Amino acid sequence: MPAFDLIIANGTIATASESYAADIGIRDGRIVAIGEALNGADEVVDATNKLVLPGGIDSHVHISQPSGPGIVMADDFESATRAAAFGGNSTVMPYCLQQKGQSLRAALSDYHALAQGECHIDHSFHLIVSDPTESVLGQELPALFADGYTSFKVFMTYEGLALDDYEMLSVLEVAREAGALVQIHAENYDAIRFLTEKLERAGRVAPHFHGRSRPIPVEREATHRAISLAELIDVPIMIVHVSNREAMEAIRRAQARGLKVMGETCPQYLMLTEADMERTGTEGAKYVCSPPPRDVASQQACWEGLQQGVFSVFSSDHCPFRYEDEAGKLAPKGRSSFRWIPNGIPGIETRLPILFSEGVVKGRISLQQFVALTATNHARIYGLTGKGSIAIGYDADLAIWDPNLTRPIRQGELHHGADYTPFEGIEITGWPTSLIVRGSFVVRDGKLTGSKMQGRYLPRAKPLASLSR
Ligand code: URP
Ligand code: ZN
Ligand code: ZN
């Protein structure tokens, strides 16, 4: 019997700490050897002139999430995980949204039913706590942490989702006791409501007024408040989808003070600006997401956050809606006001190529930072044991990249369920060409070869309180 099922030969391996030329030997879905001139396998794949990276982990995606009356997300678990695989990802972490009045267990059972047998790659759920009742706080959350649901998101904005400060403190306290990690969407709901109503009274209802309804102080204030509330409880938090310097600097200051505050940013805050929401007619709706894209100075601040380790993860916040669709961005009510345009943009397939091309190829970040920001840190922070790196004993989750392949992002070549990409036309150098999950190809030389039965659900270990930088 050969020693290995598969050898990936002659590639350049990159991890969060180093790059080197070596072969990878895989058996039973795991990496069992890394060395020179390995032989003895059922199959040898030649990766000459290619990079071999840990499969990407996208720890912030929304799939099949209820999004209001008449609105339907553009991706289900099959299409989202297929698109993610083509984008070089081997694991995604979608949200499981608790509806008001619903138990967390009931919400989880709905999402597991949607995902079961439909995932091309591995997945693990974060919870969204929207209704922190006594039983949710006292019984469900602690029991679910013990079952491997070790992180959850809370919102400081959105009708029906926003928690008040008392509720925030209550969930932070439970997280501290359980050792869970809380992700926080930091925007001030009352300020947004006030500004939205004022804009609407003045007839300012076009898509780009979405940005005016949630300017930087709205995010800065909530970020500062979230950090302060977490400090009161002494619990780690992750501020997600940071869009600008003031929020980034608030996180940096908290970290300098020794608080366990981590940060995340996303491609939209590097590549889009508010000018995109000003495109003619209704087209601005394609770019409506929260927090909104800002300006070039904010993009620069987000790059600094990535370069200097203020942000430890780079995620897509994939939240796809079709554009030419009354169940999507062109929902009839959205024409009466930006307030009703579904928030969110697609990005699960383009996250890694954008950061590789704009970050590594353009010299803004190193290849090691790229791997850390897109895979290794996600696994470490969220407790995905055996994922996110290339090392003996780890799952053989590998993305094979052609670092010299140059072509633009084109909607026609993507695999998600949306009918547009907000990143259309951006020239990318460096694309993943193959994706392996636990030793089996899902995408091979640009073609889907895996099945939607391939992805597994991953329970998680205790999250990290902070990354040492
Ligand atoms: O606009 C966004 N980001 N939609 C997704 C939901 C969220 O807040 O992450
Ligand atoms: Zn959010
Ligand atoms: Zn999100």
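Given the structure is predicted, the values throughout are model-derived calculations rather than measurements.
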Indicate, with yes or no, if the rings of H126 and Y382 have centres closer together than 6.0 Å. yes

For the side chain of D75 and the backbone of G417, is there at least one donor-acceptor N/O pair under 3.5 Å apart? yes

Between S312 and N377, do the side chains contain a donor N or O and an acceptor N or O under 3.5 Å apart? no

Can you see which heavy atom on L163 is nearest to which on S130, and at what distance? CD2-O, 3.9 Å

Is there a side chain to side chain contact (heavy atoms under 4.5 Å, CB included) between E274 and Y287 once you walk through the steps? CA-CA 9 Å; E274 60 199 338; Y287 306 89; over 6 Å; no

Are a donor atom and an acceptor atom from the side chains of H416 and Q411 found within less than 3.5 Å of each other? yes

Nearest 0.5 Å please: distance from the CZ atom of R245 over to the CZ atom of R220. 14.0 Å

Is it true that H60 and S315 share a donor-acceptor pair across their side chains at a distance under 3.5 Å? no

As an exercise, state the distance from CG of L232 to CD1 of I227, rounded to the nearest 0.5 Å. 12.5 Å

Residues, nucleotides or ligands: over 12 heavy atoms within 6.0 Å of Q102 CD: yes

Say whether S357 and T429, considering side chains only, have a donor N or O and an acceptor N or O under 3.5 Å apart. no

Measure the spacing between CG of D295 and CG of L272 and express it to the nearest 0.5 Å. 12.5 Å

Single hit among E177, M168, R176 for side chain to side chain contact (heavy atoms under 4.5 Å, CB included) with I233: R176

Could you tell me the separation between the CD1 atom of I121 and the OG1 atom of T81, rounded to the nearest 0.5 Å? 6.0 Å

Within the 3.5 Å criterion, strictly below it, is a donor on R339 or T196 matched to an acceptor on the partner's side chain? no

Would V240 and D317 count as a side chain to side chain contact (heavy atoms under 4.5 Å, CB included) if you check the C-alpha gap in whole Å, the side-chain angles of each, and the deciding distance to 0.1 Å? CA-CA 9 Å; V240 291; D317 193 5; over 6 Å; no

Parallel, tilted or perpendicular: which one describes the rings of Y149 and H112, with boundaries at 30° and 60°? perpendicular

Let me see the working for L229 and I237 under side chain to side chain contact (heavy atoms under 4.5 Å, CB included), right down to the final yes or no. CA-CA 10 Å; L229 298 179; I237 54 169; over 6 Å; no

Atom CD of E134 with >12 non-hydrogen neighbours under 6.0 angstrom: no

With no hydrogens and no angle check, do the side chains of Y323 and T282 hold a donor and an acceptor under 3.5 Å apart? yes

Any donor-acceptor pair under 3.5 Å linking the side chain of Q255 with the backbone of V261? yes

If you take all heavy atoms of F423 and I409, which pair is closest and at what distance? O-CB, 3.6 Å

Could you check, using the six-membered ring where one of them is a Trp, whether H120 and F77 have ring centers closer than 6.0 angstrom? no

Flag, side chain of E140 to backbone of R105, donor-acceptor distance under 3.5 Å: yes

Hey, what's the ring geometry for F125 with H123, parallel, tilted or perpendicular (30° and 60° as the breaks)? perpendicular

Taking R294 first and then E219, would you say they form a salt bridge - that is, a charged N and a carboxylate O separated by under 4.0 Å? yes

As an exercise, state the distance from CG of D165 to OG of S228, rounded to the nearest 0.5 Å. 10.0 Å

Sequence neighbours left out, what passes salt bridge (charged side-chain N to carboxylate O under 4.0 Å, His left out) with D76? Give chain and number order. none

For the pair W401 and F370, name the ring-plane relationship: parallel under 30°, tilted 30 to 60°, perpendicular over 60°. perpendicular

Could you pull out the closest heavy-atom pair between C302 and Y269, with the gap in Å? SG-CB, 3.9 Å

Over all atoms of both residues, closest heavy-atom pair of H62 and C319: CD2-CB, 3.9 Å

Donor-acceptor under 3.5 Å (H210 side chain, V288 main chain): no

So, H185 versus E187: side-chain donor-acceptor pair below 3.5 Å or not? yes

Separation between CD1 (I184) and OG1 (T223), nearest 0.5 Å, reads 9.0 Å

